[in-house]
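Encoded as structure tokens, here's the structure I'll be asking about.
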2 protein chains.
Amino acid sequence: MTAPPVDASEPVWDKTRRAREKRLQAAARFADGKVVAPGDVQALLTAIIRSGDRVCLEGDNQKQADFLAGQLAGLDPQTVHDLHIVQSGLVLAEHLDLFETGIAKKLDFSYSGPQGGALARALSAGRIELGAIHTYIELFSRYFIDLTPHVALTVARACDRDGNLYMGPNTEDSPVVIEATAFKQGIVIAQVDDIVDKVPRVDVPGDRVDFVVKSPKPFYLEPLFTRDPAQITETQILTAMLAIRGIYEPYGVTRLNHGIGFNTAAIELILPTYGEKLGLKGKIATHFALNPHPTLIPAIESGWVQQIHSFGSEVGMDGYTSARPDIYFTGRDGSMSSNRMFCQAAGLYATDMFIGSTLQIDLQGNSSTVTRDRIAGFGGAPNMGSDPHGRRHASEAWLKAGREAAGAGLPRGRKLVVQIVETFGEKMVPTFVEKLDSLELAEALKLKLPPVMIYGDDVTHIVTEEGVANLLLCRTPDEREQAIRGVAGYTEVGRGRDKAMVEALRARKIIQRPEDLGVSMLDASRNLLAARSVKDLMYWSGNLYDPPAKFRNW
Amino acid sequence: MTAPPVDASEPVWDKTRRAREKRLQAAARFADGKVVAPGDVQALLTAIIRSGDRVCLEGDNQKQADFLAGQLAGLDPQTVHDLHIVQSGLVLAEHLDLFETGIAKKLDFSYSGPQGGALARALSAGRIELGAIHTYIELFSRYFIDLTPHVALTVARACDRDGNLYMGPNTEDSPVVIEATAFKQGIVIAQVDDIVDKVPRVDVPGDRVDFVVKSPKPFYLEPLFTRDPAQITETQILTAMLAIRGIYEPYGVTRLNHGIGFNTAAIELILPTYGEKLGLKGKIATHFALNPHPTLIPAIESGWVQQIHSFGSEVGMDGYTSARPDIYFTGRDGSMSSNRMFCQAAGLYATDMFIGSTLQIDLQGNSSTVTRDRIAGFGGAPNMGSDPHGRRHASEAWLKAGREAAGAGLPRGRKLVVQIVETFGEKMVPTFVEKLDSLELAEALKLKLPPVMIYGDDVTHIVTEEGVANLLLCRTPDEREQAIRGVAGYTEVGRGRDKAMVEALRARKIIQRPEDLGVSMLDASRNLLAARSVKDLMYWSGNLYDPPAKFRNW
């Protein structure tokens with residue numbers, strides 16, 4: 001297995017393959033075939049990883065290769081240093097520890113969630129060289145072009161001794177990470193909860209996997225998409241009613257992605273009540289690119305939803321999704337299957353609407369979830385909240401939006417990109433601002449561009465408790481600004497409106513107030529919620545949904 | 001294995017799973033485990049496929065499930081009819097036969113190539129109900145949302161008796177087609193060239209595959225990306241030089257996709273000569289999302305290219321790609337690996353430039369490859385030739401293009417989308433037109449929107465033998481039109497230019513003539529081509545490239 005001597009006069013075209021062989025040889029003594037004992041992982045990693053390597057330490061929206069993260073963080077920075085970390089989710093403390101000790105130096109990522117504050121501090125202090133912040137599918141795409149990992153540290157529920165991986169509902173990013181790494185002569189190491197004789201199904205073939213290690217405890221999984229119905233306010237219910245009346249119904253939106261906030265959870269929960277009363281069943285919200293949101297259970301059980309493809313899973317939803325194969329994608333083993341790359345592509349190209357909330361919206365409609373002291377990353381919103389110019393298939397919703405936009409040139413369709421917010425967010429901080437905080441942050445951290453979640457020119461509607469603004473119908477930047485001010489309530493931006501112009505916009509249905517849409521604020525009651533608690537969701541599911549402990553108060 | 005009786009009072013959530021079981025039961029007697037004899041395929045298909053089913057009959061850009069296509073076309077239309085065909089490439093005669101006999105009724109597809117004429121006639125005659133024409137990744141995306149196949153008829157080089165599939169360099173669409181079908185309780189049937197004890201690598205795990213059949217002959221593969229250097233004209237070489245001097249060099253384009261025409265083949269072939277002289281090695285064209293183009297061999301051998309990820313393979317290139325694992329993605333078995341879904345995503349989100357040619361360009365820069373009597377479909381161009389608004393990572397090329405576009409609002413980056421054409425195409429048909437033929441065709445066929453390959457507002461540059469037009473720098477629609485006219489040569493569109501305005505645009509470097517770029521037409525000689533024939537390409541490759549018979553004249 002020793003590499004043949006290289007003739008210096010001949011170009012060599014398999015340096016990567018030879019490098020891989022050398023690393024595998026160095027690592028072989030720490031493994032029994034592909035199986036590594038937990039105690040040998042640090043020795044194995046030291047044998048395999050070279051300083052300066054691009055390493056993907058998986059790192060998803062939800063599931064975490066937490067054992068491998070800890071092991072990597074425990075290496076000797078004298079030996080392994082200056083790694084370039086390329087991973088979608090930077091969410092564990094260990095992920096940042098790598099940069100503190102110098103094991104890692106450069107970072108390309110998508111989402112930081114709970115580590116947003118610590119990440120901003122580390123960037124500020126110059127402890128991290130930032131490549132870029134990506135939307136998921138963009139980072140995955142770069143794995144094939146210029147950010148291909150040399151080493152991928154991945155995670156699965158189980159494997160066999162040949163390295164075939166079983167991920168059940170938690171496939172998420174793994175297939176794309178592993179494909180990019182394995183087929184470019186990189187090395188793939190997986191932590192698994194169990195090593196079994198035969199996996200229930202093969203999510204990643206064993207010949208792409210070099211080493212496996214049974215983790216001392218099951219991998220960590222974050223319940224990210226669980227919204228407790230008990231916390232949904234009547235203002236959120238009002239915005240949900242306005243969205244249904246003002247957008248879902250007139251455009252006939254059947255294929256869509258919902259954000260993960262309380263406003264869209266409210267929409268999910270009033271489909272079987274308010275939506276039913278409007279006679280919209282089967283006409284809206286039938287096909288989703290969506291994680292298994294517990295708050296969608298009542299709509300599913302009431303027969304609203306026809307099909308859902310998921311980015312990842314959700315804690316407590318495994319039993320429910322397995323029992324609903326007509327709705328969810330499930331494998332031969334009976335459990336759900338997810339795939340973040342495919343689902344993000346579906347969210348971009350095969351849905352007619354993205355609807356989600358945000359922290360800040362400026363006068364051009366640009367939005368951001370960045371605050372002065374936190375870098376939350378982007379996740380999937382920039383991708384799904386953009387109008388894909390490459391789309392060529394028509395749908396009624398898309399054609400109607402395109403007609404309303406009525407740009408110069410050939411007739412076109414248009415994706416609906418909706419921001420649903422309350423005019424004041426938590427702690428009464430205004431959602432509408434003259435200038436996004438991310439602009440200041442970009443200056444402070446010397447970012448190449450300010451981090452913007454969704455650019456204003458892609459936003460088609462803004463929904464607040466004051467009404468629905470249809471930006472497609474605006475014909476000048478001025479009209480657009482006034483349409484935004486016109487639904488910005490008592491924020492400074494809202495109070496700065498030109499009242500006559502806003503009334504003119506209302507006459508043209510560019511702004512629609514609750515009363516214009518036949519929505520009475522008095523009806524916006526919590527009684528409209530098909531489930532008012534997590535317990536209700538569990539009942540709706542026939543006890544198939546098993547809520548995580550932190551959502552149980554009974 | 002019989003399904004339990006269903007209580008009519010209880011909703012059923014596994015109808016799809018039960019339907020699958022029933023079909024598998026009906027089919028079981030025609031198979032030995034998963035293996036079906038070629039003579040039993042029609043009986044098996046009849047047992048499995050139900051009238052009205054969505055069927056993906058693979059049908060890629062290159063590889064074809066041709067045996068299964070013939071078998072499907074031979075079914076009794078009395079028994080199996082009104083299928084909804086959802087497949088990317090409609091390129092075999094059998095694909096259209098299905099619609100002639102009534103076996104199939106509705107069609108959603110991406111690319112028709114050689115069947116473009118026959119397809120237009122069938123649509124005209126009302127024999128096909130057209131869903132939509134898609135760009136590839138868009139159709140794949142819909143497989144997860146509203147066009148999920150009930151049955152996938154796929155194709156591989158080999159399989160084992162468990163159904164594990166080996167595809168070698170020709171993975172193409174298969175993984176995404178099979179994942180969408182198998183995980184939504186559909187049925188997957190693969191034709192293979194060989195059934196072996198152990199496949200060289202697993203491209204698709206066997207538990208996603210229900211039946212396999214050894215085809216009487218190897219599957220058909222179309223050499224789509226081979227351009228004979230002998231046919232490259234000096235005008236094409238001139239446009240290639242202009243593109244390098246006017247775009248690759250000033251923007252520093254390293255990550256890109258080349259179209260498949262002769263103009264971009266010319267660029268590939270002058271990198272090691274003209275590009276070398278300009279000192280651009282390592283500064284441009286280092287990372288590609290690209291099929292293994294034979295015309296890129298000299299640039300690869302000269303050390304220009306660092307990495308290529310491919311949509312599919314190319315006939316004759318298997319030996320070469322296997323021997324260049326530092327450049328191409330290759331598997332543990334040593335052969336190349338492709339993936340159209342991932343590579344299209346990479347072409348959208350991880351490259352800074354798409355450059356390709358087209359048949360027609362109008363005054364707004366909209367382009368089309370549709371003619372009055374042919375529907376060629378879109379393939380990948382609409383996707384890669386669009387500016388992804390969801391992109392968030394910066395590169396120098398992207399930032400420079402964004403600065404030049406200088407739209408209102410926040411600073412942004414911009415993808416370079418370049419059309420490289422000669423002012424007159426084959427048979428002296430003008431490339432520049434007042435109105436695209438596709439508009440007429442759309443009316444004749446009652447399409448919802450005219451088929452446009454790339455919309456003008458995404459096009460950043462047009463290169464012709466008359467010069468380079470930079471549309472980013474145009475500030476009004478008028479300027480844009482004159483910039484286009486200004487490089488349209490002696491076509492009617494070109495002669496209709498406002499000469500003073502075109503000169504003013506030239507002064508602002510919106511139009512750059514060959515002499516402005518230091519390109520002498522006298523230098524545009526075939527001597528610049530690093531290879532002047534297919535034989536030359538073979539020599540460059542050290543005889544690793546094995547050209548298909550139709551390109552051999554020696």
Side-chain angles (χ1 to χ4, degrees), chain A residues 13-17 132-135 137-138 141-142 144-146 176 183-185 201-202 205 207 255 287 289 309 323-326 329-332 337 342-343 345-346 349-351 364 366 378 382-383 386-387 389-394 399 408-411 448-450 452 455-456 458 477, chain B residues 13-17 132-135 137-138 141-142 144-146 176 183-185 201-202 205 207 255 287 289 309 323-326 329-332 337 342-343 345-346 349-351 364 366 378 382-383 386-387 389-394 399 408-411 448-450 452 455-456 458 477:
Chain A
W13 295 100
D14 62 348
K15 289 197 197 81
T16 48
R17 198 176 278 163
I133 315 175
H134 306 74
T135 193
I137 189 173
E138 172 190 15
S141 295
R142 292 188 72 189
F144 292 96
I145 303 294
D146 61 342
V176 68
F183 286 101
K184 204 72 195 58
Q185 292 80 55
R201 76 177 192 235
V202 178
D207 54 13
R255 307 178 306 165
H287 293 77
H309 187 256
R324 297 291 178 265
D326 287 352
F329 281 70
T330 58
R332 301 285 184 257
S337 168
F342 291 168
C343 199
Y349 269 124
T351 67
Q364 285 78 48
N366 298 303
F378 292 127
N383 173 57
S386 70
D387 182 36
H389 288 196
R391 174 173 165 175
R392 293 294 178 269
H393 77 280
L399 289 171
L410 299 175
K448 283 166 189 153
L449 292 177
V452 170
Y455 284 104
D458 276 334
Chain B
W13 295 101
D14 61 350
K15 289 195 197 81
T16 47
R17 199 176 279 164
I133 315 175
H134 305 74
T135 193
I137 189 174
E138 172 189 16
S141 295
R142 291 188 72 189
F144 293 97
I145 302 294
D146 60 344
V176 67
F183 286 102
K184 205 69 195 60
Q185 292 81 55
R201 75 177 193 235
V202 178
D207 55 11
R255 307 177 307 164
H287 294 75
H309 187 257
R324 298 291 177 267
D326 287 352
F329 282 68
T330 57
R332 300 288 183 253
S337 169
F342 290 168
C343 199
Y349 268 124
T351 67
Q364 284 79 48
N366 299 302
F378 292 127
N383 173 58
S386 70
D387 182 38
H389 289 195
R391 173 172 165 176
R392 292 294 178 268
H393 77 280
L399 289 172
L410 300 175
K448 283 167 188 154
L449 290 178
V452 170
Y455 284 104
D458 277 334

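Letters A, B, ... mirror the listed sequences (proteins, then strands); counts begin at 1.
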Problem - Distance, nearest 0.5 Å, that separates CG of A/Asp326 from NZ of B/Lys15 - result: 6.0 Å

Handout entry: Distance (rounded to the nearest 0.5 Å) between B/Arg17 CZ and A/Arg332 CZ
Key = 9.5 Å

Practice task
First locate atom CZ of B/Arg391, then atom CZ of A/Arg142, and finally report the distance between them rounded to the nearest 0.5 Å.
Solution key: 7.5 Å

Exercise for the section: Taking all heavy atoms of A/Val202 and all of B/Asp207, pick out the closest pair and write down the distance. Expected result: N-OD2, 2.7 Å

Fill in the blank from the handout: Counting heavy-atom pairs under 4.5 angstrom with chain A, the leader among B/Ser386, B/Ala394, B/Ala132 is B/Ser386

Problem - Among the listed options A/Asp14, A/Thr330, A/Thr16, A/Asp146, the residue most often paired with chain B at heavy-atom distances under 4.5 Å - result: A/Thr330

Practice task
With rounding to the nearest 0.5 Å, note down the distance linking OG in A/Ser337 to CZ in B/Phe183.
Solution key: 4.0 Å

Fill in the blank from the handout: Most heavy-atom pairs under 4.5 Å with chain A, out of B/Ala323, B/Gly390, B/Gly409, belong to B/Gly390

Problem - Residue selection (most heavy-atom pairs with chain B, distance under 4.5 Å) from A/Ala346, A/Pro477, A/Pro450 - result: A/Ala346

Handout entry: Nearest-0.5 Å distance, CG of residue A/Leu399 to CG of residue B/Leu449
Key = 5.5 Å

Problem - Nearest atoms (heavy-atom pairs only) where B/Phe342 meets A/Phe144 - result: CD1-CZ, 3.2 Å

Practice task
Let me know if A/Ala289 has heavy atoms under 4.5 Å from chain B in its side chain, its backbone, both or neither.
Solution key: both

Exercise for the section: Please state whether the side chain, the backbone, both or neither of B/Ala345 comes within less than 4.5 Å of a heavy atom of chain A. Expected result: both

Exercise for the section: Tell me, for B/Phe378 versus chain A, whether the close heavy atoms (under 4.5 Å) come from the side chain, the backbone, both or neither. Expected result: side chain

Exercise for the section: Nearest 0.5 Å please: distance from the OG1 atom of A/Thr135 over to the CZ atom of B/Arg392. Expected result: 7.0 Å

Problem - Heavy-atom pair of closest approach, residues B/Gln185 and A/Pro325 - result: OE1-O, 2.9 Å

Exercise for the section: Please determine which of A/Asp387, A/Asn383, A/Asp458 meets the side chain to side chain donor-acceptor pair (under 3.5 Å) test together with B/His389. Expected result: A/Asp458

